[in-house]
There are 2 protein chains.
Amino acid sequence: MSELVTIRDASMTTGVSAKMIRHYESIGLISAPARTENRYRHYSQRDIHELGFIRKARDLGFPIEDIRHLLALWRDRSRSSAEVKAIALRHIAALDEKAAALQAMSATLKHLASNCHGDNRPDCPIIDALDRLG
Amino acid sequence: MSELVTIRDASMTTGVSAKMIRHYESIGLISAPARTENRYRHYSQRDIHELGFIRKARDLGFPIEDIRHLLALWRDRSRSSAEVKAIALRHIAALDEKAAALQAMSATLKHLASNCHGDNRPDCPIIDALDRLG
DNA sequence: CTTGACCTTCCCATCATGGGAACCCCATAT
DNA sequence: ATATGGGGTTCCCATGATGGGAAGGTCAAG
């Protein structure tokens, strides 16, 4: 006697937008849900659970293809934790690399900005750096 | 008696790909260069200088619209350094925010991964977290 | 029977960048 | 002289994850 769970309901309980739910279906990340007679999608608890999984993985920054892999491992009760851990470690490395790149940019700019008086005068080490340094 | 600087030459001396040089022209970030009779673009030293400026700004992560603004300030000898500094400070804040978000993801995953034995057993705190925690 | 709030599909935009097709131009090697 | 190769040109399409919006179907309540 479960009520019909529409895409909007699924969106609200999982935090994944209806737009993205349809998108994940279109790229085969989730399987196509059942439809009512009027072609409206409706979602099972299993579907909702998967969408929740996906959202949490996205919140951790996993790219879609990683999530595809993680979902397969999730469904597989006989998976090895080593395989999951390997994906996570690769992702951690990617995150750290990106963060380091952003911090390097920030550090350079902070240094330049700290030497820039920031008043009405045109003299500016930030512009100078873009002009001269390579 | 300066030799003709082709788009490839400009690309090699500035580190901006020919593809992107044409793109920057198409979006009006740089002005259209002179053309030879056969419609080949050729670049002045001024053009090369601007492309170098753009590449350095991109290396610091500035988005194109910021660079558009910075280029205008660069050309304006009577600019105020305050305006340049304001753009830089906003960008620093954006970089720091992104870096912090990535680091938070990384920290969470590192914690989960450190508790994952990573062997043949299926038991895995990483999967558990995606499964249960919100 | 209208209104409004859903649903459907399909196309377009973002941001910066690259790939590739189809075609033109020119210098050098055969 | 001509074939070959390596430039140039324009134009379209793709990326990754997401949102906006149009055009049209469906349904419940007023």
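Lettering follows sequence order; numbering is per chain, from 1.
From one end of the helix from C/dC1-D/dG30 to C/dT30-D/dA1 to the other, with five pairs defining each end axis, the axis direction shifts by 40° (rounded to 10°).
Here B/His42 pairs with nothing under the ring-ring contact (aromatic ring centres under 6.0 Å, His included) rule; sequence neighbours left out. In this view, A/Glu97 satisfies the side-chain hydrogen bond (donor to acceptor under 3.5 Å, both in side chains) rule with no residue, not counting sequence neighbours.
Taking the six-membered ring for Trp, A/Trp74 and A/His69 have ring centres at least 6.0 Å apart.
Proximity of A/Arg39 to the phosphate of C/dC7: no side-chain N or O atom is located under 4.0 Å from OP1 or OP2. Taking 4.0 angstrom as the limit, A/Thr6 places a side-chain polar atom (N or O) nearer than this to OP1 or OP2 of C/dC7.
Within 4.0 Å (heavy atoms only), A/Phe62 reaches no atom of the nucleic acid at all. Using a 4.0 Å heavy-atom distance criterion, B/Arg41 is classed as a sugar-phosphate-only contact.
Under the 3.5 Å distance criterion, the side-chain polar atoms of B/Arg55 are matched with a main-chain donor or acceptor of B/Thr14.
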Scan nucleotides 21-27 of chain C against the protein and return all N/O pairs shorter than 3.5 Å with their distances rounded to 0.1 Å.
unit_1, atom_1, unit_2, atom_2, d
C/dC26, OP1, B/Asn38, ND2, 3.3

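First and last contacting nucleotides of DNA chain D toward chain A (any atom under 4.0 angstrom from a heavy atom, 5' to 3' order): D/dA17 to D/dC27.
Using a 4.0 Å cut-off on heavy atoms, none of the residues of residues 91-103 of chain A approach DNA chain D.
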